[in-house]
Structure formats: structure tokens, C-alpha cells
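For reference, the structure discussed in these notes is given below.
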Amino acid sequence: MTINNINNNINNNINKPQVDGQKLAQQQTQSQLGANTAQAASQAAASRQDSVSLTSSAQQLSQVQSKSNEAPVNQEKVDKLKKAIADGEYRINPEVLAQKIAKLESQIFGNGV
């Protein structure tokens, strides 16, 4: 009489670790605690509110930008300048440009130039 697969069954049972009921319960408890901790952390993060505050310089810049968007545009002059630039007829006077830049800087920074 031959016994089939007896060695395989014995070897398989020997190599399989025994499951300890207490260790399994501890692992499950730890998993639940970890999940509860993660849930509490996400709720705490959700209850916090982010806030943003702008410096006075940023507020002034925002006001200047909104005013510039409302400023009237002389479309006829814009079209003439575009045409002159496209035709190569627009000439820049560097001295006048420098004076205007200096005047603008003195208005912005108050240097009294």
C-alpha cells in the first residue's frame, strides 16, 4: 500500500507559520488605531483655515493695476504708432526718453529729480 503526497503534506505544514490569535488581534487593533489617527489628523487639517494677507506694497500695486485697466485709451494714437513702427518710420529721441524715465521714477520713488 502506498501513501501519496504524505511527504508534501508534512513539509507544507512544517513550513507554514502558525497563526497566533493574540498577535492577529494586536495587529488588527494597531491597524484600526492607525486608521483612527489618520482620520483625526485629516479632520484637524480640515478644520484649520488658511489665510493670506497682502503687504501694503502689494495692495498699492493691485490698486494701480485696476486703475490702469480702467484708463482711457486713445486708439487713434495707438494705431498711428503701430503703423509708424511697422513702416520703420518711428524714431526715438533718447534724451527725451531719459528725461521722461527720470520724471516717472521721481514720481514713483519721490526722489525729487
Side-chain angles (χ1 to χ4, degrees):
M1 174 166 131
T2 46
I3 300 175
N4 293 329
N5 294 329
I6 193 158
N7 287 337
N8 288 341
N9 290 336
I10 291 172
N11 288 339
N12 286 341
N13 288 335
I14 290 173
N15 293 335
K16 288 184 182 177
Q18 296 295 320
V19 176
D20 185 4
Q22 186 177 9
K23 285 184 181 180
L24 182 61
Q26 286 176 348
Q27 288 175 349
Q28 289 174 344
T29 303
Q30 288 174 353
S31 295
Q32 289 172 349
L33 287 175
N36 290 342
T37 303
Q39 184 180 8
S42 67
Q43 287 175 349
S47 67
R48 284 185 281 160
Q49 292 183 343
D50 293 334
S51 64
V52 175
S53 61
L54 299 177
T55 63
S56 61
S57 299
Q59 290 172 351
Q60 289 175 347
L61 179 61
S62 176
Q63 290 172 352
V64 168
Q65 286 176 334
S66 65
K67 286 181 182 178
S68 70
N69 291 337
E70 298 169 1
V73 175
N74 184 344
Q75 193 60 44
E76 183 181 335
K77 187 173 184 178
V78 170
D79 292 338
K80 280 175 107 176
L81 288 171
K82 281 184 179 181
K83 185 177 182 330
I85 292 169
D87 294 342
E89 298 171 359
Y90 185 74
R91 300 287 178 241
I92 297 172
N93 184 339
E95 291 175 9
V96 173
L97 179 61
Q99 289 173 352
K100 289 185 179 184
I101 291 173
K103 183 180 176 183
L104 177 64
E105 285 183 352
S106 69
Q107 289 174 347
I108 292 173
F109 301 112
N111 294 338
V113 175

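Because only heavy atoms are used, hydrogens play no part in the values below, and waters and symmetry mates are left out as well, while side chains stay in. The structure presented is a predicted model; accordingly, all values stated were derived computationally and were not measured.
Between the side chains of Q75 and D79, at least one donor-acceptor pair of N or O atoms lies under 3.5 Å.
Under the salt bridge (charged side-chain N to carboxylate O under 4.0 Å, His left out) criterion, D87 pairs with K83, sequence neighbours left out.
Separation of atoms CG (L81) and CD (E76) is listed at 11.0 Å; rounding is to 0.5 Å. Put simply, CG on L61 and CD on Q63 are 9.5 Å apart, with the number rounded to the nearest 0.5 Å.
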Between side-chain atoms of residues 88-97 and protein atoms elsewhere (two or more places apart, or another chain), which donor-acceptor pairs fall under 3.5 Å?
unit_1	atom_1	unit_2	atom_2	d
R91	NH1	G88	O	3.2
R91	NH2	G88	O	3.3
N93	OD1	E95	N	3.2

